[in-house]
Amino acid sequence: MSIIKQTIYQSRKNKEKELEIKLYNLKNLLVDFEACDYFGVYKSDDCDDEFLVYEEWKSEEDYIASQDSEAYKSFQKTYDELVLKKHNLPVF
């Protein structure tokens with residue numbers, strides 16, 4: 001069964017552009033995974049420091065496996081420096 005995961009990231013002050021670049025880099029690496037059906041990064045129209053990441057995976061196991069990838073681990077290394085808040089929306 002496929003899974004849809006949506007996450008809202010709020011950047012730290014003056015880190016908006018860096019976070020945006022990191023999220024797009026993550027997207028560009030993860031969309032090459034066979035199990036990734038879609039990966040989108042959207043910037044809020046109202047808040048320059050908020051981004052929505054929308055992911056579609058073939059299964060929950062595939063999504064979990066993606067978090068063990070080098071691409072995701074690389075993103076995690078800069079996470080604390082760039083992200084003020086993270087909010088996971090309900091999974092579908």
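Every value quoted in this text rests on a predicted model; they were computed, and no experiment measured them.
- Taken together through direct or relayed side-chain contacts under 4.5 Å among Ile, Leu, Val, Met, Phe, Trp and Tyr, Y38 and V41 form parts of separate hydrophobic clusters.
- Looking at heavy atoms from C-beta onward, S2 lies out of side-chain contact with W57 at the 4.5 angstrom threshold.
- Residues H87 and L89 have side chains in contact (heavy-atom distance under 4.5 Å, counting atoms from C-beta outward).
- Between F92 and Q6, the closest side-chain pair of non-hydrogen atoms falls below 4.5 Å.
- Within 6.0 Å of atom NZ in K85, 12 or fewer heavy atoms from other residues, nucleotides or ligands are found, so the atom counts as exposed in its surroundings.
- The neighbour count for E60 CD, taken as heavy atoms of other residues, nucleotides or ligands under 6.0 Å away, does not exceed 12.
- Of the N and O atoms on the side chains of E81 and Y79, not one donor lies less than 3.5 Å from an acceptor on the other residue.
- To the nearest 0.5 Å, atoms CD (Q10) and CG (D49) are separated by 4.5 Å.
- Between atom SG of residue C36 and atom CD of residue E55 there is a gap of 7.0 Å, rounded to the nearest 0.5 Å.
- S59 places none of its side-chain heavy atoms less than 4.5 Å from the side chain of I3.
- No chain of hydrophobic side-chain contacts below 4.5 Å, direct or via other Ile, Leu, Val, Met, Phe, Trp or Tyr residues, connects L82 to L84.
- Note that CG of N14 and CG of L19 are 13.0 Å apart. Values are rounded to the nearest 0.5 Å.
- Between K73 and D68 there is a salt bridge, since at least one side-chain N of the basic residue sits less than 4.0 Å from a carboxylate O of the acidic one.
- Side-chain contact between Y54 and F39 is absent, with no heavy-atom pair separated by less than 4.5 Å.
- Transitive grouping of hydrophobic side chains (ILVMFWY, heavy atoms separated by less than 4.5 Å) brings I64 and V31 into a common cluster.
- With hydrophobic clusters built from ILVMFWY side chains whose heavy atoms lie under 4.5 angstrom apart, I4 does not share a cluster with V53.
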>> Go through it in stages, so that I can follow the logic: the residues are D37 and K58, the test is side chain to side chain contact (heavy atoms under 4.5 Å, CB included), and I'd like the CA-CA distance, side-chain angles, deciding distance and then a yes or no.
In response: CA-CA 7 Å; D37 291 331; K58 295 202 183 304; 2.7 Å; yes
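- Considering only heavy atoms from C-beta on, T7 comes within 4.5 Å of K5 through its side chain.
- Heavy-atom minimum distance, S66 versus S69: O-OG, 2.6 Å.
- Within the 4.5 Å cutoff, the side chain of L52 has no heavy atoms near those of the K43 side chain.
- No single ILVMFWY cluster, assembled from side-chain heavy atoms under 4.5 Å apart, contains both L23 and I8.
- Annotation: the span from N88 atom CG to Y9 atom OH amounts to 7.0 Å, rounded to 0.5 Å.
- Side-chain contact between S44 and F51 is absent, with no heavy atoms from C-beta onward closer than 4.5 Å.
- Going from atom NZ of K22 over to atom NZ of K77 covers 9.5 Å, rounded to the nearest 0.5 Å.
- Here the CD atom belonging to E20 is positioned 9.5 Å from the OG atom belonging to S11, to the nearest 0.5 angstrom.
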